[in-house]
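Working notes for the structure below.
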Number of protein chains: 2
Amino acid sequence: MTETRVPVPTLERLAIYLRVLLDAHESGIQTLSSQEIEQYSGISAAQFRKDLSYFGEFGKPGVGYSVEALIERIERILRLDAEQPILLVGAGNIGSALVGYPNFQAHRLRIAAVFDNNFVKIGRPFGDLIIEDIARVREVNAQIGARLGIIAVPAHAAQEVADALVEAGVTGILNFAPTILRVPPHVHVRNVSFLQELAVLSYHAVEDALRVNGQARRGGKDGV
Amino acid sequence: MTETRVPVPTLERLAIYLRVLLDAHESGIQTLSSQEIEQYSGISAAQFRKDLSYFGEFGKPGVGYSVEALIERIERILRLDAEQPILLVGAGNIGSALVGYPNFQAHRLRIAAVFDNNFVKIGRPFGDLIIEDIARVREVNAQIGARLGIIAVPAHAAQEVADALVEAGVTGILNFAPTILRVPPHVHVRNVSFLQELAVLSYHAVEDALRVNGQARRGGKDGV
DNA sequence: GCGCAATTGTGAACGCCTTCACAAACACGC
DNA sequence: GCGTGTTTGTGAAGGCGTTCACAATTGCGC
Ligand SMILES: NC(=O)c1ccc[n+]([C@@H]2O[C@H](COP(=O)([O-])OP(=O)(O)OC[C@H]3O[C@@H](n4cnc5c(N)ncnc54)[C@H](O)[C@@H]3O)[C@@H](O)[C@H]2O)c1
Ligand SMILES: NC(=O)c1ccc[n+]([C@@H]2O[C@H](COP(=O)([O-])OP(=O)(O)OC[C@H]3O[C@@H](n4cnc5c(N)ncnc54)[C@H](O)[C@@H]3O)[C@@H](O)[C@H]2O)c1
């Protein structure tokens, strides 16, 4: 374990393993082999073991992995071992879905404050919270100390909101707006784009349909 | 252009290019070089050209790409040149956000029907639609002929819904539930997981914070 | 205590995507 | 028409993550 840079795909998979492990824990399962993890997660056993190897040894040969201990370990790696406060900006459709989402809790993620710039909305309750003025984001986060922020505002407002979040001390942004955000190098951004996902599916769904309809005329290989 | 298999990352980027091009078109821009696309999209010019090269030649050396023509071309590639009907299952929080989302239209994606299994909800209006019984999904899609489906139901119901969608002729599924779906090989699934995204951000956000706090003891390279 | 079966951890091979770099193509001005 | 400057398209190189394969480790039954 020589602390090489951890591939992002590995981190993404860690979150999946964690979900599987939490489910297993719920079911009273105490030990899981990489083979079984493959069953539940759809990720190959070899990949699982390789992923974990970035962070040290953990399983027992001939036995597998202690579910409970592995949960703790992954939570520590992902910094989900202590509660992570999150700032949400945009009290609209997406924002609504997020504040009411109970699964955050299981990962110790908590939306700690909601902001908007619509004076009609500011001051109103939103889930358990009161919508605050985005102009006060810095001030409010001085109390909270959140490092994570979610942008759920229209695209044209996303960049200024991002700037405000960075100003307020946020170093990780989950962006729902369809725009490229410009942020300082120490800030990480991940974009969520349903349209992009659907576009990829659209390509595949119809491509396959064409093939099925007896149009496999191109004598090529017929992979997946 | 020898019809090699197109990398999935290329398809994902095509959707990004499309958005940039639509914006440019809106602004009256007629021509764009790969260099300029890099500016707007954050994706390198070389990558852009390579991506397009999977589908044939298109730009003019010394000039760039015709915005309008390229939009048409990418739309055709992604099968967004004709309207794509979509089946939405789950008239809850996520479902609500989706039915009201206006941007789908710009990509010719249209939610053509909404399903639920809650008798209280079935028959009620939902956006422009009436919520239908999930039991009738096959029957309804015989009319619509949708190839794309969105799953926005609780995790424990996701698999049965997926089965029903596949039965109804869907070959591409966008899944919001935190579960691995088992589907036949001709069906494509893409998962959307906010928790996973936040977990990755959590790792980075705090890792960087540790480094900034003078703990850059590991003399490694300080990339992004 | 010892052999057998199961399972881990990881170097190495592999494959795929990205990046590089440059010849070919085009516009434009003279 | 021809030289100059720009930009494309794409083979080749490079980098990075995944898959493979196996030695090492542990539990368990006898
Ligand atoms: N609704 C969807 O299904 C969906 C899907 C994919 C992406 N998105 C994207 O997510 C974002 C939010 O979508 P939505 O449907 O929740 O939009 P929405 O219009 O319902 O909500 C946006 C909220 O942001 C607030 N806002 C606007 N400018 C602001 C600013 N400068 N500072 C703070 N708050 C501001 C508005 O007052 C509003 O409450 C959009 O960028 C949208 O493109 C939405
Ligand atoms: N709300 C969020 O912010 C959020 C975030 C990430 C993921 N998700 C996931 O998205 C999914 C939907 O979330 P939500 O907040 O919209 O949930 P929700 O409870 O608001 O809505 C779920 C809907 O699905 C319906 N349903 C249940 N079983 C069904 C079945 N067998 N067939 C048809 N319909 C059925 C319910 O009646 C309900 O209307 C969940 O899996 C959730 O984990 C939600």
Side-chain angles (χ1 to χ4, degrees), chain A residues 1-17 20-21 24 29-67 69-70 73-74 77 200 203 220-221 223-224, chain B residues 1-17 20-21 24 29-67 69-70 73-74 77 200 203 220-221 223-224:
Chain A
M1 176 210 177
T2 43
E3 184 84 18
T4 40
R5 194 136 229 78
V6 180
V8 171
T10 289
L11 295 172
E12 295 175 349
R13 287 189 295 268
L14 284 182
I16 297 177
Y17 305 144
V20 167
L21 289 164
I29 297 172
Q30 310 221 336
T31 285
L32 236 39
S33 68
S34 58
Q35 200 57 242
E36 292 170 307
I37 299 260
E38 172 169 345
Q39 287 288 316
Y40 296 131
S41 71
I43 297 163
S44 81
Q47 183 72 76
F48 172 76
R49 295 201 302 275
K50 177 62 101 180
D51 284 339
L52 286 190
S53 76
Y54 287 106
F55 305 99
E57 311 193 358
F58 203 67
K60 275 191 186 168
V63 183
Y65 300 81
S66 154
V67 170
L70 192 50
R73 187 59 185 279
I74 294 180
I77 293 169
V200 174
Y203 172 89
K221 44 217 72 159
V224 175
Chain B
M1 177 212 178
T2 43
E3 185 84 15
T4 41
R5 196 136 228 79
V6 181
V8 171
T10 290
L11 295 172
E12 295 175 350
R13 285 189 297 267
L14 284 182
I16 297 177
Y17 304 144
V20 167
L21 289 164
I29 297 171
Q30 309 221 338
T31 286
L32 235 39
S33 69
S34 58
Q35 199 57 242
E36 292 170 307
I37 299 261
E38 172 169 344
Q39 287 287 316
Y40 296 132
S41 71
I43 297 163
S44 81
Q47 183 73 77
F48 171 76
R49 295 200 303 275
K50 177 61 101 180
D51 284 339
L52 286 190
S53 76
Y54 287 106
F55 305 98
E57 310 194 358
F58 203 67
K60 275 191 186 168
V63 183
Y65 301 80
S66 154
V67 171
L70 192 50
R73 187 59 184 278
I74 294 180
I77 293 169
V200 174
Y203 172 89
K221 47 217 68 163
V224 175

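Just so it is clear: chains get the letters A, B, ... in the order the sequence lines come, proteins before strands, and each one is counted from 1. These numbers come from a predicted model, not from an experiment.
Of the side-chain N and O atoms in S53(B), none sit less than 4.0 angstrom from OP1 or OP2 of dG9(D). Proximity of S34(A) to the phosphate of dT7(C): no side-chain N or O atom is located under 4.0 Å from OP1 or OP2.
Distances from the side chain of K60(B) to the nucleotides dA27(C), dT10(C), dT18(D) place dA27(C) closest. Checking dG27(D), dG9(D), dC20(C) against the side-chain heavy atoms of F58(B) singles out dG9(D) as nearest. Which of dG9(C), dT7(D), dT25(D) sits closest to the side chain of E57(A) comes down to dG9(C). Here dT18(C) is the nucleotide among dT7(D), dT18(C), dT10(C) with the atom lying nearest to any side-chain atom of P9(B). In this structure, the nucleotide among dT18(C), dG9(D), dC20(D) sitting nearest to the side chain of R49(B) is dG9(D). For P61(A), taking side-chain heavy atoms from C-beta onward, the closest of the listed nucleotides dT8(D), dA27(C), dA24(D) is dA24(D).
One can place CD of E38(A) at 10 Å from P of dC20(D), the figure rounded to the nearest angstrom. Whole-Å rounding puts the F48(B) CZ to dT10(D) P distance at 13 Å. In this structure, I37(B) atom CD1 and dT8(D) atom C1' are separated by 13 Å, rounded to whole Å. Between the CZ atom of R13(B) and the C1' atom of dC17(C) there is a distance of 8 Å, given to the nearest Å. In this structure, E12(B) places its CD atom 17 Å from P of dC16(C), rounding to the nearest Å. Between the CZ atom of F55(B) and the C1' atom of dG9(D) there is a distance of 15 Å, rounded to whole Å. In this structure, CD of Q47(B) is placed 13 Å from C1' of dT10(D), rounded to the nearest angstrom. Taking atom OH on Y65(B) and atom C1' on dC26(C), their separation rounds to 13 Å, with Å as the unit.
Within the 4.5 Å cutoff, side-chain heavy atoms of T10(B) are placed close to those of F55(B). Two residues are said to be in side-chain contact when any heavy atoms from C-beta on lie closer than 4.5 Å; L52(A) and L14(A) meet this criterion. Side-chain contact check for I77(A) versus V6(A): every heavy-atom pair is 4.5 Å or farther apart.
For the pair V63(A) and D51(A), nearest-nucleotide mapping onto DNA chain C gives the more 5' position to V63(A). Remark on DNA chain D: of its neighbouring residues K50(B) and L32(B), the 5'-side contact belongs to L32(B), judged by nearest-heavy-atom nucleotide.
Counting non-hydrogen atoms of neighbouring residues, nucleotides and ligands closer than 6.0 angstrom, the CZ atom of F58(B) exceeds 12 such neighbours.
For Y65(A) and Y17(A), the gap between ring centers reaches or exceeds 6.0 Å.
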